[in-house]
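The next block holds one structure in the form of structure tokens; read it before the comments.
No hydrogens, no waters, no symmetry mates; every other heavy atom, side chains included, goes into these values. Letters A, B, ... mirror the listed sequences (proteins, then strands); counts begin at 1.
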Protein chains: 2
Amino acid sequence: MNKTEIIPAGLPIAAVERDTGLLKDTLRVWERRYGFPQPLRDANGERLYPPEQIARLRQIKRLIDQGMRPGKIFAADDATLGEWLGKEESRQAAPAQCAELIALLQAQRSEELRSALQQNLLRHGLQRFVVELVAPLNIEVGLAWLRGEITVGEEHLYTEQLQNVLRGAVHALRIPGAQPRILLTTLPDELHSLGLLMAEALLVPEGAHCTSLGTQTPLGDIVSTATGGAFDIVALSFSPHYPARQAWAHLAELRRLLPASIALWAGGRHLCERAPAIEGLRYLAEIDEVLIALEAWRAPA
Amino acid sequence: MNKTEIIPAGLPIAAVERDTGLLKDTLRVWERRYGFPQPLRDANGERLYPPEQIARLRQIKRLIDQGMRPGKIFAADDATLGEWLGKEESRQAAPAQCAELIALLQAQRSEELRSALQQNLLRHGLQRFVVELVAPLNIEVGLAWLRGEITVGEEHLYTEQLQNVLRGAVHALRIPGAQPRILLTTLPDELHSLGLLMAEALLVPEGAHCTSLGTQTPLGDIVSTATGGAFDIVALSFSPHYPARQAWAHLAELRRLLPASIALWAGGRHLCERAPAIEGLRYLAEIDEVLIALEAWRAPA
DNA sequence: TCAACGTTTTGTCCAGGACAAAATGAACAA
DNA sequence: TTGTTCATTTTGTCCTGGACAAAACGTTGA
């Protein structure tokens with residue numbers, strides 16, 4: 001007597017919130033204002049979102065995270081929307097490894113995923129591992145989510161395993177008393193710690209001393225730790241989700257509060273376009289630019 | 001020109017949702033029905049929850065997770081409520097180490113936390129580490145959250161670091177071809193993976209072969225993997241949050257689907273009280289009972 | 001190029017109603 | 001006692017449609 005497997009016409013609103021990261025309130029107000037999404041209704045009048053609409057919501061979410069506004073997105077037709085999204089995909093070909101790793105992720109084989117990452121790390125060394133595998137893999141994982149090939153939970157599993165591997169490697173390479181002294185963290189409302197860890201993984205092998213404050217450090221704490229701890233550089237990481245304008249404002253404030261002797265770096269591709277130039281603030285679009293920045297910092301000294 | 005630091009009369013509803021894990025809808029309907037919480041209002045008529053009310057909400061959440069119902073909780077006075085909560089606290093004295101580790105957590109010193117855990121692991125060995133430090137520490141971390149001493153984010157940081165350490169240790173100890181073969185996982189809607197990892201950490205040193213499917217495995221997949229992979233035991237983990245009745249129902253179903261030759265274990269203290277006895281299903285109240293269960297499994301063979 | 005200012009867009013909050021799923025308790029049978 | 005069935009209560013989540021502040025935009029003027 002098997003439970004009859006009901007093929008659902010769609011997912012309820014709570015599931016869509018989990019899948020897309022869009023709040024229920026937002027989903028409802030979009031429906032009211034823009035006429036999309038337009039979910040089916042179950043017998044009780046509750047929304048049921050068909051898979052196609054959820055897929056499109058993921059695309060819209062992605063564009064909004066890139067700074068585009070709903071008004072424009074909803075006004076655009078399918079072709080235009082595809083074009084906007086297409087840019088990212090064609091940036092560069094993903095390494096062959098990526099597909100295998102994502103397959104492991106889809107199968108929830110976390111242990112094998114970890115081993116595979118670890119192996120690649122040992123084969124190529126920490127820095128090449130980060131630049132040549134992890135950076136493109138991050139993009140591929142994001143795209144896989146966009147296509148609905150992996151869930152949010154699996155994405156989370158990925159960052160977790162990757163952090164394990166990176167932390168272990170960074171820890172083993174750490175040298176006490178190295179120079180320069182770099183303070184890594186993120187601002188409040190920014191939870192993404194992966195960027196920090198990747199930067200650390202590139203910097204520590206170059207003989208830099210890195211201290212990570214973790215995520216969500218208030219401005220005041222950054223300033224007091226940086227000055228009190230005799231740091232040479234403060235490096236902040238911003239995920240694509242972080243509103244660029246807010247980032248710029250906070251960075252200007254932070255630059256004002258820090259003594260001029262301490263350098264300030266800001267990582268995050270989306271910050272670099274149309275960014276206001278600030279004296280004594282260096283933007284890093286790609287992860288490997290931290291190495292260039294480090295070299296530049298060392299040159300005059 | 002410092003930004004004037006406004007001392008807030010309370011937190012907005014979205015912040016309370018993050019802090020307590022109670023949905024905005026739930027907070028509002030409780031206010032309507034039970035008259036609690038009764039937040040202040042800002043100039044715009046929006047709710048502002050004072051810290052005392054948030055503290056009480058945390059307590060209420062804790063009791064609900066333990067299976068108590070809102071009706072009873074809201075009817076009780078302060079003394080009764082404190083009594084209900086007190087039971088847990090007095091269960092046993094926490095190891096001295098705990099306080100230091102929680103202090104590291106509060107300071108967001110994730111790297112030091114990891115090192116401290118790693119050291120303790122090396123000093124006492126994996127099994128004692130899990131039973132004597134991790135298990136009580138988990139409880140202490142939960143209580144610290146209850147007291148508002150650590151945030152949800154910090155709690156998350158804790159599990160992350162702990163998982164790093166445990167995974168590394170388990171990985172190093174793994175022996176191919178060991179017996180018995182144990183399949184570890186959780187049911188859908190259950191995200192807590194820490195219990196699985198702790199069980200694995202106790203079982204692997206005993207020469208068991210453990211495979212973890214991660215969290216949220218559908219019943220059918222558990223059955224097919226267990227039978228197809230020639231497993232001897234299926235072990236499921238349930239966090240306190242998981243509704244006990246649902247767990248029992250699913251376990252009965254799973255027991256029905258699995259061949260009798262495969263043992264079934266269910267870990268989670270709250271499942272054990274008033275649990276329906278099911279032939280061929282073993283409940284594990286405390287983490288260290290997996291060792292007893294393993295011994296018992298081996299005895300007749 | 002930049003600053004200032006009015007307008008539009010947009011996410012989140014609110015009230016109060018509704019209902020299904022879960023839990024309880026009562027009645028009854030083994 | 002133990003277990004089963006069924007009506008009743010409890011409880012979380014969803015609904016509609018309105019409102020508003022903060023953010024983004026675009027225009028003007030230096």
Side-chain angles (χ1 to χ4, degrees), chain A residues 10-18 20-36 39-49 57 60-61 63-75 189 241-250 252 274-278, chain B residues 10-18 20-34 36 38-49 57 60-61 63-75 189 241-250 252 274-278:
Chain A
L11 296 181
I13 194 166
V16 178
E17 174 174 303
R18 273 197 302 271
T20 63
L22 297 164
L23 292 183
K24 298 191 201 61
D25 269 325
T26 306
L27 290 167
R28 286 193 279 251
V29 90
W30 281 0
E31 183 180 341
R32 204 195 309 166
R33 287 196 188 135
Y34 311 111
F36 185 89
L40 309 173
R41 300 293 178 133
D42 69 5
N44 190 31
E46 306 198 345
R47 292 172 173 80
L48 281 183
Y49 293 82
L57 284 170
I60 293 170
K61 175 61 157 48
L63 290 173
I64 285 176
D65 282 348
Q66 288 173 12
M68 215 156 283
R69 304 195 70 192
K72 302 227 167 188
I73 299 172
F74 286 108
D189 299 325
H241 181 81
Y242 200 95
R245 295 167 203 269
Q246 254 186 55
W248 294 327
H250 284 305
R274 285 174 297 162
I278 296 174
Chain B
L11 296 181
I13 194 167
V16 177
E17 174 174 305
R18 274 197 300 272
T20 62
L22 296 164
L23 292 183
K24 298 198 236 334
D25 269 325
T26 306
L27 289 168
R28 285 192 279 251
V29 90
W30 281 0
E31 182 180 339
R32 206 196 307 167
R33 288 197 187 130
Y34 310 111
F36 185 90
Q38 208 148 37
L40 309 173
R41 299 292 178 134
D42 69 5
N44 190 30
E46 306 198 346
R47 293 171 173 80
L48 281 183
Y49 293 82
L57 283 171
I60 293 170
K61 174 61 157 49
L63 290 172
I64 286 176
D65 282 348
Q66 288 171 13
M68 214 156 283
R69 304 195 69 191
K72 303 226 165 187
I73 299 172
F74 286 108
D189 300 324
H241 181 81
Y242 201 95
R245 294 166 203 270
Q246 253 187 55
W248 293 327
H250 284 304
R274 285 173 299 162
I278 297 175

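Computed from coordinates, the B:Glu31 CD to D:dG12 P distance equals 15 Å when rounded to whole Å. Atom CG in B:Asp189 sits about 12 Å away from atom P in D:dT13, given to the nearest Å. Taking atom CD of B:Glu46 as the reference point, atom P of C:dG11 lies 16 Å away to the nearest angstrom. A:Met68 has its CE atom 16 Å from the C1' atom of C:dT10, to the nearest Å. Distance, A:Glu17 CD to D:dT13 P: 11 Å, rounded to whole Å. The distance between atom CG of A:Asp42 and atom C1' of C:dA21, rounded to the nearest whole Å, is 13 Å. Rounded to an integer number of Å, the gap from B:Asp25 CG to C:dA20 C1' is 15 Å. If you take CG of B:Leu27 and P of C:dC13, they are 11 Å apart, rounded to a whole angstrom.
Environment of CD in B:Gln38: sparse, with no more than 12 heavy atoms of neighbouring residues, nucleotides or ligands closer than 6.0 Å.
Using bins of under 30°, 30° to 60° and over 60° for the plane-to-plane angle, the ring pair B:Phe74/B:Phe36 lands in the tilted bin.
Of the two residues contacting DNA chain D, namely B:Val29 and A:Arg245, the nearest-nucleotide position lying further toward the 5' end is that of B:Val29. Nearest-nucleotide positions on DNA chain D for A:Leu48 and A:Arg69 put A:Leu48 closer to the 5' end.
Residue A:Trp30 has its side chain nearest to C:dG11 when only C:dC19, C:dG11, D:dC14 are considered. Relative to the side chain of B:Ile13, the nucleotides D:dA23, C:dC13, D:dC25 differ in distance, and C:dC13 lies closest. The side chain of A:Leu23 sits closest to C:dT12 out of C:dT12, D:dA23, D:dT11. When distances are taken from the side chain of B:Ile64 to each of C:dT10, D:dG12, C:dT24, the shortest belongs to D:dG12. In the set D:dG12, C:dG11, C:dA22, the nucleotide with an atom closest to the side chain of B:Gln246 is C:dA22.
Counting non-hydrogen atoms under 4.0 angstrom, B:Phe74 reaches nothing in the nucleic acid. Counting non-hydrogen atoms under 4.0 angstrom, B:Arg32 reaches a base of the nucleic acid.
The shortest distance between the side-chain N/O atoms of A:Asn44 and the OP1/OP2 oxygens of C:dA20 is below 4.0 Å. Between A:Thr26 and the phosphate of C:dT12, there is a side-chain N or O to OP1/OP2 separation shorter than 4.0 Å. Between B:Tyr34 and D:dT10 there is no side-chain polar atom (N or O) within less than 4.0 angstrom of OP1 or OP2. Contact between the side-chain N/O atoms of B:Arg47 and the OP1/OP2 oxygens of C:dT12 is not found at any separation under 4.0 Å. Phosphate contact (OP1/OP2 of D:dT13, side-chain N/O of A:Lys24, threshold under 4.0 Å): absent. Between A:Arg28 and D:dC15, a side-chain N or O to OP1/OP2 separation shorter than 4.0 Å is present. Proximity of B:Arg41 to the phosphate of C:dA15: a side-chain N or O atom is located under 4.0 Å from OP1 or OP2.
Using a 4.5 Å heavy-atom cutoff, the side chains of A:Leu63 and A:Lys72 are not in contact. In this structure the side chain of A:Ile64 never reaches within 4.5 angstrom of the side chain of A:Leu22, judged on heavy atoms.
Checking side-chain atoms of B:Asn44 against main-chain N and O of B:Glu46 turns up no donor-acceptor pair under 3.5 Å.
A:Glu31 and A:Arg41 are joined by a salt bridge, as a carboxylate oxygen and a charged side-chain nitrogen come within less than 4.0 angstrom of each other.
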